[in-house]
Amino acid sequence: MSDASEAQASLQSLAEPVPDEPPDLLLHHLHTSRRGLSAREAARRLLQYGPNELRRRGGRRWPGELARQVTHPLALLLWVAAALSYAVGSRNVAIAVVLVIVLNALFAFVQELQAERAVEALARYLPPQVTVVRDGEPAVIDARQLVPGDMVVIEEGERIAADIRLLSGAVDVDMSTLTGESVPVLRSAELTDLRAHRLDAPDLVFSGSTCTGGEARGVVFATGMHTQLGRIAALSERVKERPSPLEAQVRRVAWLIAFIAIAMAIAFVPIAVFGAHLSIRNSVVFAVGLLAGNVPEGLLPVITLALAVAVRALARRGALVKRLSAVETLGSTDVICTDKTGTLTENHMRPATTWTTTAQADLRSGAPSGEPDTTLTALAAAAAACNNAALGTNGHGDTGDPTEVAVLAAARLLGADVDPDTRTRRRRHAYVFEPQRKLMSTLDTGPADRDWLHTKGAPEAVLPRCETRLASDGEQVVLTEEERVRVTVQVEAFANQGLRVLAFARRALPPGQPPPPREEAETELCFLGLVTMLDPPRPGTVEAVARCHTAGIRIIVITGDHPLTAKAVARQVGVGGDQPAVVNAQALGHLHEKQLDDVLAGERELVFARSSPEAKLHIAEVLRAQGHVVAMTGDGVNDAPALRSADIGVAMGRSGTDVAREASTMILTDDSFTSIVAAIEAGRQVYDNVRKFIVYIFAHTTPEVVPFLVFALGGGAVPLPLTVLQLLAFDVGTETLPSLALSREPMEPGTMTRPPRPHTEPVIRGPMLVRAWLFLGVIVAALQMAGFFAVLTAGGWHAGAPVGPGSELHHVYQQATTMSFLGMIAGQIGTAFAVRTQHASLRSIGITSNPHLLAAIVAELILAATCVYAPPLQALLGTAALPAHDLVLLLPYPVIVWGADELRRWLMRRRAAATGTGTAPPA
C-alpha cells in the first residue's frame, strides 16, 4: 500500500474536530496525545491535508491572458485584414499584418506578466518556522508542515501558524488581523466559555494572530484553508475583478474604430470597383489599406508601456500596483479612506508626558532636569514594574507591545530601574491584561517590608478603583470628587492632543501572603498619575494631505481609536480643518441607508472613530454608489471585503496580512500615506500622457487613409500614393518609438491643482479627435500629398500614365511613394512636439525636457533611412532612394505642423484670457 493510501486509510475515521469539546475528547477525535504525533504519522497527515498555507487567489493563466491580447477588437480587425489579403493572394501583406498582431500581443502580455511577478515576490504571511512536539520531544519545523493533531509550543513574539486549542498555559494574543481589535486579548487553557463565538472563545488561538506575551501549549485542530484565516481568504477568490475605467473606455473606443474602419472599407470598395474600375483583387487590397490605416496598431502596446513605466516608478516610491490598468484609476480617485495608525502616523509609540496631581514632566525632548517629584518617582516605579516589555539600545531591539515599550521608556527617563531581570526577581504574581476590565496588575516585592500591587489601565477603569492619591510628600491623601474631575479633564485634554493615556495606581499589601483574588486585589488603590504616549504623524503626511486638498481629493479617516484621539491626529495632519467632524462608527449599524448617505454626502472631510471592518465596507459601498472613485486602505484580514469593494484597495506591505494584500489593488511597501498621493499623481500623469499619444496616433489616421481615398476617387488616373506595406512599416516601425517616448512625458505643472477627472469622462473626447483628424492630420496629409505629386510630376508623370512594374515611370513612382512615406514621418515629428502640451506653449515646458522623445526621433530617422536605402527593405516595401533636393523639401514639414498647432493653442489661450476662464479647454 502506498503512503498516500495508507494515510487515507489511517485517517478515514478522523472526525471533524470540535475545538470547544473537552480536551481529552478533542485529543481522541484528533487521534493524538499530549506527547504529540510521531514523525511518521505527521508525514501521513501532511499527505492527507496538504501544506499549511493559504492558496493565493488565482490570476489569469497565461494561455488565456495571451488569447485576450490577440482577440481585442483592434486585433480582430487586423485579423480580418490579414484574411482578406491572404484570400486575394497578397501573402506578404497578410504575413506583415499577422506579425503586427503577434508583436502587439506579446508586448502587452509581457508587461502584464512582469507586474504579476512583482507581486508574487512579496513574502508569505505565515511564519516560516514553529516549535512542535514530535515523538515526545520539541522540534522546530517549517510552518507549512503543521498538521491537525500536532502539539505546538507558543511563546511571546511568535506568530501563530494554525488554529489551536490551548491545553496548558496562557498567552496574550494580538488578534487585530482577524477582529480589528488592536488591544491584545487573554487566551488561557484554564478559561472556557461554551456560549462564546468561536473567535471569542477564551481557550482558542487562531492562525495569523500574534502572541504578545506568555507561553502556552496547544493542539492544532485546523490548518491551511480550513483555518479562520483561510475561510476569509477563500471569500476573496469568489470576487470577480471589474475592469478599470481605462480598460472599459479603450475597449469601447476599439469597437468604435472597428466599426468606422469596416464601414469605410465597405463604402469605398464599390467606388474602387465601379468608379476606378479596379479588379476585385485590387479592391480588396484597397479595403485592407483602409482597415490598416484606421487601426492605431500602436495604441494598445503604448498604453501598456505607459502603465508599466508608471508601475515601476511607483514601486521605487513605495507603492506596488498589482494591475497595470489600476494606475489610471488612481488618477480619477476623488476620495481616500485611510487608516490612522501606521498610515497617517508612524505606528511607533513614544513617551510624551507624565502627570500627577502635583507634578508634570514633558518627556518628548528627553529626561527632565532636576530632582523628580516624589509622585513622579512612584509613577515611574509602577510603570517599570507593571510591564512585560524590554528596552534595547537607542530604540533598537525593543521587545514587547509597542505601548508597553513606550511606558517603559518613560519610566527609564524618570530614573526608574527597567532591567527585566530585576523586574522578574521582584514579581510575585501577574494579573494579565483583560480587555473587559481594561486593567493589568502585578504583585511585586518592595521596600519597607511590603508587597506592592501595581496597576495600569484605561483611566476610566483605574480611577473608580482608587480611594486615595499620592501626595508630594509621599503620603496618601483622600482622592476628592473635585480631584477626580480634575483627572478626568486632564485625560480628555491629553486625548484632544492626540495622545494615548494610561493611568497608574498602587496598593500596599502584607509581605509574603498568597496573592489575593483579582477582584479583591484591584480595590482601594492609590492613584499615582498618568503616562501619555504619542504616535507622531509620518514625515511628509501634512504636505501630502495639503496636496490632496489642492487636487480636490477628499480624505476620510477611518480608525478604531477614541474619537478625541482620532480628531486630534486628523487636526495635526490637516484633515477636516481646525475642528474635524467626528462620527462614532459604532452607530453606523443603527443608521438607515438614507441617513448614512446624508452623512457622507457633500465634500466634507470626516473622521470615523471606533470603526469596525463592517463599517469600512459600508462606507466604501455608499461612497461608490454616490459616484465617487474610492481608494481604501487596510491591513487586516477582516479589511479584505472593504478593500475589494473600493475602486482602489490599498494594503500595507509591512504590517498588512496576506489576505489584505491579496484583496488589494495596490500594496504600500512603506505603509505611508504619502505613497498613496504619489500614486494618484502618477495616475494623473499617465492619463494625461495616454491622451497625448492618443492624439499623436490618431493624427496619423488621416494621412494614412487619404492616399487610398485619392487612389479610389481618382478613377484609376492617380496611382496609389502609399503601399500597404509602407503603411504597416510606418505604424509599427517609425510611429511606435515616439509614441512610447510620449508615455514618458514628465508631469505638467498644475496637474495636482485641478480637480479629479470624472470617472464617467471618456478617455477620448470630441475635441481630441477634431484636433487629431481634422487639424493635425489634415495638415500632415496635405504636406504628404504635396510631396508625392511634386516628385511624381517632376519625373514626367501625367494623369493616367502607367507606373506599374516594367513601365518607364515605375522608378519615379517608387520615389514618389517614398516621398509620401517620408512626408508622413516628417509630419509625425512635428505632431510629436505639438501634442506634448494640451494648451500651454512648448517653450513653457522646454524642448529638451523629454530626452526620451529626442532619442526616439533620432532612432525614427535612422529606421526611416534604413527603410529607404537598405536594398532588402527597398525590395519588400517598394521604396527608392531620393535625391538631396527632394529631401530638402521635407525639412520644413515638422516646423509647419508644430507651428500651426502652436498658433492654435496661442489663439485658444488668448480667447480664454479674454473670456476670463483662465485656461483653454483641453484638446
Side-chain angles (χ1 to χ4, degrees), residues 244-246 306-307 309-319 321 325-338 343-344 537-557 573-577 603-605 628-633 646-648 650 665-666 668 670 672-693 742-759 761 763 765 835-841 844-846 849-850 909 912 917-923:
S244 75
L246 184 61
L307 297 175
V309 168
V311 165
R312 287 192 288 268
L314 285 174
R316 290 192 294 269
R317 298 176 68 175
V321 179
S325 57
V327 177
E328 179 272 335
T329 308
L330 282 163
S332 57
T333 298
D334 63 340
V335 177
I336 300 176
C337 296
T338 177
T343 306
L344 296 177
R538 280 178 172 270
T541 299
V542 175
E543 294 78 6
V545 169
R547 290 205 305 275
C548 286
H549 293 161
T550 304
I553 299 171
R554 177 185 180 193
I555 301 174
I556 295 177
V557 179
V573 299
V575 175
E603 300 301 322
R604 183 177 59 159
E605 294 189 329
H628 296 287
V629 178
V630 182
M632 172 74 73
T633 69
D647 296 278
I648 295 290
V650 183
T665 312
M666 182 172 75
L668 302 183
D670 57 0
S672 175
F673 181 81
T674 56
S675 296
I676 303 176
V677 181
I680 291 175
E681 289 179 345
R684 292 192 176 191
Q685 177 186 350
V686 164
Y687 198 80
D688 285 350
N689 289 346
V690 166
R691 281 186 158 175
K692 289 172 185 176
F693 62 70
L742 286 172
S743 69
R744 307 290 294 271
E745 277 288 315
M747 188 166 60
E748 290 187 43
T751 299
M752 289 296 284
T753 60
R754 63 174 187 256
R757 171 184 56 83
H759 70 284
E761 180 181 294
V763 66
R765 301 175 66 240
V835 301
R836 290 189 61 196
T837 63
Q838 295 186 30
H839 59 264
S841 67
S844 66
I845 63 171
S849 58
N850 185 355
R909 293 195 301 272
T917 57
T919 59

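Along the sequence shown, the residues carry numbers beginning at 1.
The only member of Arg554, His628, Arg757 that meets side-chain hydrogen bond (donor to acceptor under 3.5 Å, both in side chains) when paired with Asp334 is His628.
In terms of heavy-atom proximity, Val629 sits nearest to Ser332 at CB-O, 3.4 Å. Minimum interatomic distance between Thr633 and Ile676 (heavy atoms only, all atoms of both residues): CG2-CD1, 3.5 Å. The nearest pair of heavy atoms linking Ser844 to Ser841 is OG-O, 2.6 Å. When all heavy atoms of Asp647 and Thr329 are compared, the closest pair comes out as CB-CG2, 4.2 Å. In plain terms, the two heavy atoms of Pro746 and Asn850 that are nearest each other are CD-CB, 4.4 Å. Heavy atoms only, all atoms of each residue included: Leu330 and Met666 are closest at CD1-SD, 4.0 Å.
Once rounded to the nearest 0.5 Å, the distance linking OG1 of Thr333 with CE of Met632 reads 12.0 Å. Between the OG atom in Ser743 and the CD atom in Gln685 there is a gap of 10.0 Å [rounded to 0.5 Å]. Interatomic distance, Arg604 CZ to Ile556 CD1, rounded to the nearest 0.5 Å: 9.5 Å. Taking CD of Glu605 as the start and NE2 of His549 as the end, the distance is 3.5 Å to the nearest 0.5 Å. Note that OG1 of Thr338 is 4.0 Å distant from CG of Leu344, once rounded to the nearest 0.5 Å. The line from CG of Asn689 to NZ of Lys692 is 5.0 Å long, rounded to the nearest 0.5 Å.
Annotation: side chain of Met752 is in contact with side chain of Arg684 (closest heavy-atom distance under 4.5 Å). For the pair Glu745 and Asp688, the minimum side-chain heavy-atom distance is 4.5 Å or more. You'll find the side chain of Ile336 reaches within 4.5 Å of the side chain of Cys548, heavy atoms only.
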* To do: Take Val573 and Phe673 through the side chain to side chain contact (heavy atoms under 4.5 Å, CB included) test and state the conclusion after the steps.
  => CA-CA 11 Å; Val573 299; Phe673 181 81; over 6 Å; no
* Asked: After noting the C-alpha distance and the side-chain angles of Ser675 and Asp670, does the key distance pass the side-chain hydrogen bond (donor to acceptor under 3.5 Å, both in side chains) rule?
  -> CA-CA 8 Å; Ser675 296; Asp670 57 0; 2.9 Å; yes
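For the salt bridge (Lys or Arg N to Asp or Glu O under 4.0 Å) test, residues two or more places apart in sequence or in another chain that qualify with Glu681 are Arg317, Arg547.
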